[in-house]
Amino acid sequence: MILRVALDVPLPKLFDYRAEDATRADIGYRVLVPFGTKRLVGLVVELAAGSDIPAKRLRSAEKILREVPPLGRAWLDLVKFCSGYYQRPLGEVVGAALPPRLRSVRPFAEAPRDFALAPAGREVLATLPARQRRMRALLARLSQGPASESELAAQTRGARRLIKRCIEEGWIAPVVPECPVPGFVRAYDLTTEQEEALHKLRRGLERFGVSLLFGVTGSGKTEIYLQLIAEVLARGKQALILVPEIALTPTLEAAFRYRFPGAGIVTQTSASPELERAHGWVLAHRGRAHIVLGTRLAVFASLPDLGLIVVDEEQDISFKQREGVRYSARDLAIARAQIAGVPVVLCSATPSLESFHRASSGKYELISLTRRAIHEAVMPAIRLIDTRVHPVHEGLATPLREAIATRLARGEQSLVFLNRRGYAPTLACPACGWVKGCTRCSAHMVVHSADRSLRCHHCGLAERVPRVCPECGNPDLQAFGRGTQRVELSLRDLFPQAQVLRLDSDAVRARSRIDDLLERAAQADILVGTQILAKGHHFERLTLVGVLNADSGIFSSDYRASERSFAQLQQVAGRAGRASLPGEVLIQTRYPGHPLYQALVRHDYPGFANSVLAERREAGFPPFVFEAVLRAESSDAMRAMRFLREAIEAAPRQRSEISLFDPAPMSLARVAGVERAQTLLQSRSRPRLQAFLSEWSETLYRLPAQGVRWHLDVDPIEF
Ligand code: ADP
Ligand code: ZN
Ligand code: ZN
């Protein structure tokens, strides 16, 4: 028999291997095979009677890895869909989908099992001659209760061999862990709105369907999906929950453990230790875990009894993988739900325009929540501070300073939000106009105050701040603009009596434990931070949010910038006044009349979304067209552009309903010494775009690369 194996190599095909003893039942198993001079772990995808490879060149598979049960049909359909839709070889998708430990050639042993004494063993123990000292010791230990192999090995020499013999003789047996029926802690009585939403969702539990759970921050969306999950578990099914941030998973996991006592809960994120991730993955794959909770990569968890998928904060761009297989976990979640015939619930206070559009046009079920769940909590009042009228000192306009002072006097907490970490975004020489750029990227370097360094936020390059201008020798170099570190210092100066704490990814990195930092954050008087503060955390005393550089989001060349900006502002505004204290949000802007701010003040996401959607329809942008880009990367910009021109030259002639644009450098053209250019494709028809891409992609693999790396990005979010 011939195994057709998916291998994680950049070639769009399966690889044939001989395997004498293989049967169709081996489809879905991992397999160890020789590849060139290396050995690789791949996945058996098909079985064939013959191969096109000449017999003498056909190699044999080393071993079919049958310890872990084979991946099921639905899982294989998911990776095949992903491979087809995102135009990526199946082997690469499988490589991205399996946890690293399961595609390593190092043997994988499942979590050690416990052993227990069988009745036959008890009898033997009574009659075993005294000179069989070690066997007696082992059985005697087990007569007191189950023990793990490592525990037995610590106590008795040669335990492994003895255990093997005992199993063969039927004296001991591995303990099959009991799968307890998970409980559910009902923490609240649902509000009428929540009750109605849950009712609608429950009705759809046995079939495929997409629901958009659209509710203002604090409306209790989480509570609704927790109850829905409880229902799914009660029906003996598994649930998959996708969340955007790694940082949030520990808090969420703790909440899940508390709410679902006895449930098998597995987290899957790129931060999980390799072995732990593999063990969790196998547990879910064996149907022993009830809930899988994770970031985008968790969309590939194997769940044989899948009953529900939830995508929380579905608009978040972290669901889109930006290298390798460039999938959107949200979109794959929908495809997966369809394959499995189960519902998927997308949750958001500010849905992506794609999802909002589909929900408004009836493709998804729209479930809206308009009020906060906690009785007294009202939506925060949002005020715009016109910085042309109220000048800014040290980044803060007078009304914001006064508002912070009032909070301090009342013992309440303030949050100053700006989306820029570091001390200042540019270092420049006022004498000659020199600006410090990164030598490897087309970007400025950012001044960091803690160690007086310059850092590139794109490639990580770090340097010391120079003493003088390298162009003219001027010693008076100036830091322009304002990042979180600079605002932190200003706030300390302004409010010397206050406890000021900065929360951004630098602070998180410096103190590796996020929970530790969050604990300190709860105590602080003033928090300064970036978007990592915007999500999910509840601070009881927080009643004021000030936003500093909001305008940077509204005049970007990226058509998605305003959508993201609105989402982020609403999210950060939602931090204010979550409990019984009313919240206030002050946004500093030079353009208070801008429709985005006007909609924000009215808490009118639908109004904002509909007006942006109208513009997008007019201009021919997603979700009214579908997009893909062909991207080329090279150390030489000319080569990248030449490759793209040749690719367009070689593109299929049949181009009805496809627009293929001229190649252009990306907006950030150079990153870490790599020049990046791309060519955009648009189509009103997704199937036509797909067909075009498949055909084109075959040609692309045959083009001479000449120092260029290329990839297709379907539904891209970077330009
Ligand atoms: P969302 O996910 O919509 O932002 P959450 O589910 O996090 O909202 O709920 C916001 C807050 O309201 C949480 O502190 C939650 O514990 C609380 N909450 C949710 N539902 C209820 C309810 N029915 N009664 C009282 N409090 C609730
Ligand atoms: Zn100079
Ligand atoms: Zn750089």
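When reading the values below, keep in mind they use all heavy atoms of this one structure, side chains included, and skip hydrogens, waters and symmetry mates. Whatever order the structure lists them in is the order used to number ligands and atoms, beginning at 1. Residue numbers run from 1 in the order of the sequence given.
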### Verdict with supporting geometry, Q571 and Q315, side-chain contact (heavy atoms from CB on, under 4.5 Å)
CA-CA 12 Å; Q571 211 162 35; Q315 81 289 351; 4.0 Å; yes
### Task
In sequence, state the C-alpha distance, the side-chain angles, and the governing distance for E633 and V708, and then conclude on side-chain contact (heavy atoms from CB on, under 4.5 Å).
CA-CA 6 Å; E633 301 177 339; V708 174; over 6 Å; no
### Task
Could you walk me through whether V547 and L569 pass side-chain contact (heavy atoms from CB on, under 4.5 Å), step by step?
CA-CA 8 Å; V547 183; L569 289 172; 3.6 Å; yes
### Message
Could you go through E314 and S355, starting from their C-alpha distance and side-chain angles, then the distance that decides it, and tell me whether this counts as side-chain contact (heavy atoms from CB on, under 4.5 Å)?
### Response
CA-CA 9 Å; E314 65 88 30; S355 300; 2.8 Å; yes
### Task
In sequence, state the C-alpha distance, the side-chain angles, and the governing distance for Q321 and R296, and then conclude on side chain to side chain donor-acceptor pair (under 3.5 Å).
CA-CA 8 Å; Q321 166 74 24; R296 62 173 176 259; 2.8 Å; yes
### Task
Starting from the C-alpha separation in whole Å, work towards a yes-or-no answer on side chain to side chain donor-acceptor pair (under 3.5 Å) for T543 and E412.
CA-CA 7 Å; T543 57; E412 294 170 12; 2.6 Å; yes
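Although no hydrogens or angles enter the test, the distance criterion places a donor-acceptor pair under 3.5 Å between the side chain of Q238 and the main chain of A284. Counting only distance, with no hydrogens or angles, the side chain of N549 and the backbone of S552 share no donor-acceptor pair below 3.5 Å.
In R372, neither the side chain nor the backbone holds a heavy atom less than 4.0 Å from any atom of ligand 1. Neither the backbone nor the side chain of L369 has a heavy atom within less than 4.0 Å of ligand 1.
Of all protein N/O/S atoms, those lying under 2.8 Å from the Zn ion (ligand 3) come to 4. Protein-derived N/O/S atoms nearer than 2.8 Å to the Zn ion (ligand 2) total 4, waters excluded.
Atoms of ligand 1 lying under 4.0 Å from any heavy atom of A373, numbered from 1 in the order shown and given with element: 18 (N), 19 (C), 20 (N), 21 (C), 27 (C). Counting atoms of ligand 1 from 1 in the listed order, those under 4.0 Å from a heavy atom of D189 are 22 (C), 23 (N), 24 (N).
When only interatomic distances are considered, the shortest N/O to N/O separation between T217 and ligand 1 does not fall below 3.5 Å.
Note: H457 and H448 meet the aromatic proximity criterion, with ring centroids under 6.0 Å apart.
When each of H357, R330, E563, R358 is tested with S352 by the rule side chain to side chain donor-acceptor pair (under 3.5 Å), just one qualifies, namely R330. A salt bridge (Lys or Arg N to Asp or Glu O under 4.0 Å) with E718 holds for exactly one of R326, R560, R322; it is R322.
Ligand 1 lies out of reach of G215, whose nearest heavy atom is not under 4.0 Å from it.
The pair E584-R383 counts as a salt bridge, with a side-chain nitrogen and a carboxylate oxygen less than 4.0 angstrom apart.
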